[in-house]
Asker: 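For reference, the structure I am asking about is given below.
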Amino acid sequence: MSQHDIFRYVLLIAIGITVYFMARAWVDDSRERNISLNEPPVPPIVSDQTFPDDMAGNSDIPTATTNDPEVTTSDVPDSSLIPPPTTETGIGQQVESQQLVTVETPVLLVSIDPVGGDVVSAKLPTYPVDISAPDQPTKLLDKKVGRVYIAQSGLIGQDGLDQSSSRPIYRVAKTKWELQQGTLEVPLVYDRDGITVTKTYVFTADKHDVQVRYVVANETTADLSMSFFAQLKRDALPPEDQHTGFFRPRAYLGAAVSTNEKNYRKLKFKEIAKRPYQEIVNGGWVAILQHYFLSAWIPGDPAATYRYFGNQDQNGYYRFGFTGPATVITPNGEAAFSAILYMGPKRQSALNALAPHLDLTVDYGFLWWLSIPIFKVLAWIQSIVVNWGVAIILLTILIKTVLFPLSAMSYRSMAKMRKLAPQIKRLQERFGSDRQKMGQEMMAMYRKEKANPFSGCLPLLLQMPVFFALYWVLIESVELRQAPFMLWIQDLGAMDPWLILPILNGVSMFLMQRLNPPMADPMQQKVMMFMPIMFGLICVFMPAGLVLYWFINNLYSMAHHYYALRKAGAT
């Protein structure tokens, strides 16, 4: 086998691996859709501005007295999920649906239901669904017919407000709040029989994280015992604005937690449906991830112990959250609970500032350890040149320059093999079908000419991890979503609308092949001639930023290869 054949096979393997991962993502997407389609129907909701009456009733609420932690029929976590008591820390009330409380900030449009004080809608005005519709914000959380994705929190336990058969109703001063700069506190108040609970949402104008604070005042003559919980409740349907396809990989859709043992652990919907999850964690966080965005609950006290859980209720909804230890509130005493709710993009800098390891939700796959530094370099370049497309070009050149010694080794070997191509052809003609004799003669020729047909393959294989790491950086990074480049490329996260980059990429692959002599096997020649066309078709469905990287990479490789051939006198 000649060096040229080996190079082509390495290229075929690389393309095959890429297609495999894309196909697997498509299959996973199909399975996830099948799971969603097989779920029980979503309970009807009166309107997008009201909360269903059965939310406070018996629709999907686990009984607080059940001893089986896997029985999940409630919006409220079972009392068995409360961790052992530490030192210290309502009463429910079944009510009719209330008007939603809306909060508008420069980066969030949130709807809070007075029943339970849950966030039932969250939109991101600075992240429109499509670049052609800048006034249509991406909807992260939502509750309507056919869609359930909400953030819940409350107080459970012996005297908790949120019981298995009821949720508290909070009073609010007004139902519409607006914030332009600074911070805004939205208090929700509940009182009954000497117990006053104030649940306050604290918004910051330019942030996607919201602080949730509870203050419980006990004006009774008896001790009260309750525990704080926070959870995310979601169906398994993909986001409404998610674009998928056979050749376009789908990012991870599911939950994740950070525990004492693992900084980042995925909790897939299909796995939770088979086996609920529980674990005691110091601090930590829980999140639900999708492409580019996530929601997450982060405990207010990172040093405290919490019981994290993940389960599926009888209506097919998935719930991921945590419960804090029981707190005893003495007569005329107060207790405070808090947590942070994040609803926004997967921006590593912001996530890393909120909680340790939360930035790992930017899921770069098993090569994350290589992808993270690559992204940091890309972001640094972008901070200088401002344009993400230009940053991709410069990063590609930088990576190729760093890997120049490996590429040079490979191209020198290929140039030497190219000079030996006439001799190899004569051996093929001489020995014909006697492949054993031809192999012996070729090895003898390699020893005589001091050529190694495999010396050019190792450098190519060593570059593959860098290729795949950068591939996931360009696929997963929200910074490239709707980021303009120039001319017709106004969204590096979407496919090229004019298909110019895929065509140029296919042409560059064809020209790269022309630098190598034709293969001896006519069938292999036809296969290799087809590869640029196939790869060009794959690139049609890829984000423009990724295709731009491939194109610049090909141009650099062609120039380097041609230089190596000329220097070796093999042109």
Side-chain angles (χ1 to χ4, degrees), residues 45-52 55-56 90 93 95-129 134-144 147-155 161-162 167-191 196-217 228 230-233 293-298 300 336-345 350 354:
I45 297 175
V46 177
S47 73
D48 201 30
Q49 294 299 316
T50 60
F51 204 83
M55 178 67 184
Q93 175 180 332
V95 297
E96 297 181 354
S97 299
Q98 302 293 312
Q99 184 178 0
L100 298 182
V101 178
T102 61
V103 183
E104 180 176 352
T105 78
V107 298
L108 282 173
L109 300 175
V110 172
S111 295
I112 303 171
D113 197 288
V115 179
D118 301 329
V119 177
V120 294
S121 176
K123 300 178 183 179
L124 312 176
T126 54
Y127 291 88
V129 171
D135 296 330
Q136 184 180 351
T138 292
K139 184 177 288 188
L140 185 58
L141 304 187
D142 195 14
K143 186 173 179 69
K144 62 183 181 181
R147 172 65 63 181
V148 173
Y149 184 8
I150 57 179
Q152 301 175 297
S153 59
L155 301 172
L161 304 181
D162 301 89
R167 299 293 303 280
I169 178 170
Y170 290 92
R171 302 192 316 273
V172 288
K174 57 182 180 180
T175 57
K176 186 174 182 180
W177 303 74
E178 293 185 7
L179 171 65
Q180 296 301 323
Q181 58 183 3
T183 60
L184 171 67
E185 295 190 1
V186 180
L188 295 80
V189 181
Y190 170 82
D191 53 67
T196 302
V197 178
T198 304
K199 181 177 184 178
T200 305
Y201 284 90
V202 183
F203 294 84
T204 304
D206 58 346
K207 293 184 178 180
H208 291 89
D209 53 285
V210 180
Q211 187 179 27
V212 182
R213 297 198 306 246
Y214 276 85
V215 176
V216 181
F228 173 77
Q231 69 180 17
L232 299 165
K233 178 179 176 182
F293 305 103
L294 81 156
S295 61
W297 277 110
I298 306 162
F337 310 87
S338 68
I340 294 175
L341 172 61
Y342 182 85
M343 304 167 287
L354 285 176

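Heavy-atom basis, side chains included; hydrogens, waters and symmetry copies ignored. All residue numbers refer to positions in the sequence shown, counting from 1.
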Asker: Please collect all salt bridge (charged side-chain N to carboxylate O under 4.0 Å, His left out) contacts where either partner lies in residues 199-216, sequence neighbours excluded, each pair once.
Answerer: E185-R213
Asker: Any heavy-atom pair between the side chains of I150 and L141 that's under 4.5 Å?
Answerer: no
Asker: A side-chain contact here means heavy atoms from C-beta on lying under 4.5 Å apart; do F337 and S153 qualify?
Answerer: no
Asker: Check whether any side-chain heavy atom of Y214 lies under 4.5 Å from a side-chain heavy atom of V212, and answer yes or no.
Answerer: yes
Asker: Judged by atom type as modelled, is there a donor-acceptor pair below 3.5 Å linking the side chain of T138 to the main-chain atoms of Y127?
Answerer: yes
Asker: Test M343 against every option in V107, V119, L294 by the side chain to side chain contact (heavy atoms under 4.5 Å, CB included) rule and name the one that passes.
Answerer: V119
Asker: Could you check whether any side-chain heavy atom of D135 comes within less than 4.5 Å of a side-chain heavy atom of P128, counting everything from C-beta outward?
Answerer: no
Asker: Applying ring pair (Phe, Tyr, Trp, His ring centres under 6.0 Å), can you list everything that pairs with F203, at least two apart in sequence or on another chain?
Answerer: none
Asker: Report the C-alpha distance between V186 and V110 in whole Å, list the side-chain angles of each, state the deciding distance to 0.1 Å, and finish with yes or no for side-chain contact (heavy atoms from CB on, under 4.5 Å).
Answerer: CA-CA 12 Å; V186 180; V110 172; over 6 Å; no
Asker: If we ignore hydrogens and angles and just use 3.5 Å, is the side chain of D142 paired with the main-chain N or O of S121 as donor and acceptor?
Answerer: no
Asker: For Y201, check side chain to side chain donor-acceptor pair (under 3.5 Å) against everything at least two apart and list the hits.
Answerer: none
Asker: Charged N to carboxylate O under 4.0 angstrom, D118 versus R167?
Answerer: yes
